[in-house]
Participant: 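One structure coming up, written as structure tokens, with questions to follow.
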Amino acid sequence: MKTLFSTLLILCCFIMHVVAQTGSVLWHFDTHDKSFGNAAMADLDNDGKPEIVFSCYWNDSSIYALNAENGSLLWKKNMGGCNDAAPIIWDVDNNGVKDVILASSCNPVLTCFAGNDGSIKWQTPFGGTDSPPSIADVDGDGKVDLLTGDFAGYLCCYNPVNGALKWKVLVDSDAAIEASPALVDINQDGHPDIIVNTWSFAGNNHDSSAIYAYNGLTHTLIWKNSMPSDFIYHGAAFGDIDEDGKPELAVTCYDKYLYVLNGENGSLKWKYAAADSAYVGDPPVIADLDKDGHLDILYIGGYGDVVMLDRFGNLKWSYLLPTYESSFRGAALADINNDDTLDVVFSCSNGILYALNGSRGNLIWSKDLAADYGNTAFELEQEPLIADFNNDDTLDIFVVGGHAEYPAITNNYGRAYAVKAAKGKGPAWTMFQHDAVRSNCLCPTAPAGIETPTQTVLDFTAFPNPGSKVYFNLSLQHEEKVSMMIYDMQGRKISTLVNKNLSAGDYQFVWQGLTDTGAISPAGMYVCQIHAGHRTSEKKIVLRY
């Protein structure tokens with residue numbers, strides 16, 4: 001009897017654990033159409049809690065800002081047509097309030113909204129786009145620039161403070177730029193350069209699809225790679241995949257190949273043939289998924305084959321979705337089950353939200369949102385957002401789904417969902433392709449130009465900066481696991497200042513240029529990155545002796 005009782009107790013605990021891991025709906029918000037353009041998240045009204053911004057297709061045509069903790073509406077604006085590009089969030093005028101920039105598709109206008117109330121700061125007509133805007137200081141003037149492509153084949157650069165066009169370059173008159181510009185320093189001059197991919201409409205051979213690299217300072221062409229032979233819809237992911245101190249680019253193409261290029265000259269590093277897929281269209285994502293100390297690459301093929309490759313292009317694992325559905329906007333990464341390894345979260349055209357173990361590819365849980373909505377025609381086509389939406393120390397996931405037809409747009413409908421995942425270590429995934437430079441890389445340290453909005457501000461000070469001895473001050477409101485690391489500009493961790501649980505209080509740490517091995521670091525620029533709970537922040541520091 002005791003043995004039977006123990007067995008039942010263990011089984012009960014196991015069932016409770018499985019139920020807890022299957023995901024439950026935190027809240028939902030109904031719209032009048034599907035959302036293709038993904039979402040972005042940040043604290044827009046400075047209430048210490050995040051808001052979520054997304055836009056919808058024709059029958060709705062609106063951009064929404066919702067309070068992430070309960071799904072209530074903060075503001076909405078009708079844009080007079082479909083919006084298929086992800087918005088971006090940035091404090092464009094440094095007034096302490098985040099702004100929202102949306103590049104519309106059918107009504108070809110760029111719009112900047114005040115994040116707290118949705119009031120319009122500026123609007124600029126342009127060529128219309130599906131290209132999610134990117135932000136970084138590419139011209140070295142100390143102010144950020146707004147980059148996007150358009151349907152006419154132009155790469156455009158705008159002043160995000162007032163929407164004025166700074167310059168534009170015709171990339172290809174026979175192609176559209178659907179992809180987000182990837183902003184990464186490929187020529188090692190200290191300034192981000194611009195990688196754009198084209199969607200050809202030049203005949204049936206799609207012979208105008210290519211990958212282009214432009215100098216950020218001069219917006220002149222550095223190189224062009226014409227190897228892809230079909231459509232390219234999404235932007236390049238980037239990171240130091242081969243550990244040579246220089247970035248590589250990962251690009252998916254409808255010709256069934258994932259291409260990995262050397263960033264400095266565009267030459268082919270390797271390519272992987274997705275033989276079982278109809279196409280490879282989703283954006284690839286880069287991270288160390290199995291904690292072996294090396295970056296991996298993950299993509300989802302057109303027939304629902306989820307594939308993880310090592311840095312050499314060798315298959316580590318694959319997972320085939322049971323109904324061969326697609327996940328066109330790709331995956332977000334975070335540790336959502338508290339096992340200290342990254343997990344893969346993505347939504348599918350069958351209306352199901354999936355979570356896979358990143359190191360092995362096995363299913364953690366799935367949530368059938370089409371069944372929750374009550375209609376099998378409910379589809380999902382968004383890369384999820386992941387963060388703690390309501391400050392309960394549990395990670396949540398956001399996606400928007402629905403049904404879209406054209407021209408019969410009155411048949412369309414949509415619903416936004418927040419799904420509770422589980423207690424996990426994150427980190428938060430707060431926008432399409434991870435960050436404002438669209439790296440789609442959960443790399444050891446963020447490339448120059450990244451600002452990552454988090455659910456609450458994690459503020460710390462560094463002084464003197466520049467200096468030979470830099471002090472870091474940090475205040476905690478409650479006990480949290482805190483890690484503070486120093487990285488060089490190649491993304492290599494060289495020093496760990498703290499990595500443990502800290503109680504509430506004020507703390508000071510100091511770095512005098514010593515590495516973890518005791519070596520003295522040369523003078524120059526470094527990055528201090530800190531993680532506290534699910535929050536992440538970083539500062540550039542200059543070591544000067």
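Just so you know, these numbers come straight off a predicted model, no measurement behind them.
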Participant: Could you go through the side-chain contact (heavy atoms from CB on, under 4.5 Å) check for D189 and L217 one step at a time?
Facilitator: CA-CA 9 Å; D189 65 353; L217 288 173; 3.6 Å; yes
Participant: Other residues, nucleotides and ligands only: do more than 12 of their heavy atoms fall within 6.0 Å of OH on Y303?
Facilitator: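 No - once you tally the heavy atoms of other residues, nucleotides and ligands closer than 6.0 Å, there are 12 at most.
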Participant: Where the side chain of W90 meets the backbone of P160, is there a donor-acceptor pair that is under 3.5 Å apart?
Facilitator: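 Absent.
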Participant: Roughly how far, to the nearest 0.5 Å, is NE2 of H531 from NZ of K481?
Facilitator: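 With rounding to 0.5 Å, NZ (K481) is 10.5 Å from NE2 (H531).
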Participant: Would D84 and Y57 satisfy side-chain contact (heavy atoms from CB on, under 4.5 Å), going step by step from the backbone distance to the final call?
Facilitator: CA-CA 7 Å; D84 293 346; Y57 197 60; 3.6 Å; yes
Participant: Go through the steps to decide whether K166 and D139 satisfy the test salt bridge (charged side-chain N to carboxylate O under 4.0 Å, His left out), and finish with yes or no.
Facilitator: CA-CA 10 Å; K166 298 182 72 171; D139 58 11; 2.7 Å; yes
Participant: Here's a test for you: under side chain to side chain contact (heavy atoms under 4.5 Å, CB included), which of L380, V306, L321, I364 qualifies with Y354?
Facilitator: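 Of all the options given, the one that passes is L321.
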Participant: Is the charged tip of K271 near the ring of Y257: under 6.0 Å from the six-membered ring centre and within 45° of its axis?
Facilitator: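 Output yes; distance and angle both within limits.
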Participant: Who pairs with N265 by side chain to side chain donor-acceptor pair (under 3.5 Å), at least two apart in sequence or on another chain?
Facilitator: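 Listed in chain order: S267.
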Participant: Check the orientation of H434 and W429. Use parallel for under 30°, tilted for 30 to 60°, and perpendicular for over 60°.
Facilitator: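 Ring orientation, 0 to 90° scale: perpendicular.
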Participant: Yes or no on side-chain contact (heavy atoms from CB on, under 4.5 Å) for S134 and V437, after CA distance, side-chain angles and deciding distance?
Facilitator: CA-CA 5 Å; S134 308; V437 296; 5.7 Å; no
Participant: Answer with yes or no whether the side chains of S347 and E381 bring together a donor and an acceptor at under 3.5 Å.
Facilitator: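 S347 and E381 do not have a side-chain donor-acceptor pair below 3.5 Å.
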Participant: Between S180 and Q433, does the side chain to side chain donor-acceptor pair (under 3.5 Å) criterion hold? Intermediate values first, please.
Facilitator: CA-CA 9 Å; S180 56; Q433 293 182 293; 2.5 Å; yes
Participant: Are more than 12 heavy atoms, taken from residues, nucleotides or ligands other than K143, located less than 6.0 Å from that residue's NZ atom?
Facilitator: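 At most 12 heavy atoms, drawn from other residues, nucleotides or ligands, come within 6.0 Å of this atom.
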Participant: Is K493 salt-bridged to D488, going by a charged N under 4.0 Å from an acidic O?
Facilitator: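 Not counted as a salt bridge, because no side-chain N and carboxylate O are separated by less than 4.0 Å.
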Participant: Evaluate I195 against L249 for side-chain contact (heavy atoms from CB on, under 4.5 Å), listing each step before the verdict.
Facilitator: CA-CA 9 Å; I195 312 297; L249 313 171; 4.0 Å; yes
Participant: Is the backbone N or O of A236 less than 3.5 Å from a side-chain atom of R438, with the two atoms forming a donor-acceptor pair by type?
Facilitator: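 It does not hold such a pair.
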Participant: Going through the distances and angles, do S104 and N83 end up as a side chain to side chain donor-acceptor pair (under 3.5 Å)?
Facilitator: CA-CA 5 Å; S104 294; N83 311 283; 2.8 Å; yes
Participant: Hey, are Y233 and D130 close enough side-chain-wise for a donor-acceptor pair under 3.5 Å?
Facilitator: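 Result is yes, a qualifying pair exists.
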Participant: In Å and rounded to the nearest 0.5 Å, what is the OG1 to CG distance from T148 to L110?
Facilitator: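 If I round to the nearest 0.5 Å, the distance is 6.5 Å.
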Participant: Judged by atom type as modelled, is there a donor-acceptor pair below 3.5 Å linking the side chain of S131 to the main-chain atoms of G149?
Facilitator: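 Answer holds: yes.
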Participant: For the side chain of W270 and the backbone of L261, is there at least one donor-acceptor N/O pair under 3.5 Å apart?
Facilitator: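 Not at all, since once roles are kept as given, no pair shorter than 3.5 Å links the two residues.
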Participant: Hey, is the main chain of D282 close enough, under 3.5 Å, to the side chain of T252 for a donor-acceptor pair?
Facilitator: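 Answer holds: yes.
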Participant: Give a yes or no on this: more than 12 heavy atoms of other residues, nucleotides or ligands lie within 6.0 Å of atom OH of Y254.
Facilitator: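 Enclosed.
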Participant: Have a look at I286 and tell me which of I241, V260, D296, L298 forms a side chain to side chain contact (heavy atoms under 4.5 Å, CB included) with it.
Facilitator: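 Only one option passes, and that is I241.
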Participant: Would you check if there is a donor-acceptor pair between the side chains of S349 and E325 at a distance under 3.5 Å?
Facilitator: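 Yes, because at least one side-chain N or O of E325 sits under 3.5 Å from a partner of the opposite role on S349.
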Participant: Would you check if the side chain of N215 reaches a backbone N or O of H219 as a donor-acceptor pair within less than 3.5 Å?
Facilitator: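 No; judged by distance alone, with no hydrogens or angles, the pair does not exist.
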Participant: With salt bridge (charged side-chain N to carboxylate O under 4.0 Å, His left out) as the test, would you mind laying out the steps for D240 and K246 before giving the verdict?
Facilitator: CA-CA 6 Å; D240 185 6; K246 295 176 286 188; over 6 Å; no
Participant: Taking side chain to side chain donor-acceptor pair (under 3.5 Å) as the definition, give me every residue that meets it alongside D242, ordered by chain and number, with sequence neighbours left out.
Facilitator: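 Result, side chain to side chain donor-acceptor pair (under 3.5 Å) vs D242: K269.
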Participant: What distance do L309 atom CG and S318 atom OG have between them, rounded to the nearest 0.5 Å?
Facilitator: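 Reported to 0.5 Å precision, the distance equals 9.5 Å.
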Participant: Can you pull out every salt bridge (charged side-chain N to carboxylate O under 4.0 Å, His left out) where at least one residue sits in residues 301-315? Sequence neighbours excluded, please.
Facilitator: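 Listed by first then second residue: E243-R311.
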Participant: Relative to each other, are the rings of F231 and W199 parallel, tilted or perpendicular (30° and 60° limits)?
Facilitator: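 Because their plane-to-plane angle is under 30°, the rings of F231 and W199 count as parallel.
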Participant: Do you know which of T430, L385, L44, V400 makes side chain to side chain contact (heavy atoms under 4.5 Å, CB included) with I52?
Facilitator: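 Of the listed residues T430, L385, L44, V400, the side chain to side chain contact (heavy atoms under 4.5 Å, CB included) partner of I52 is L385.
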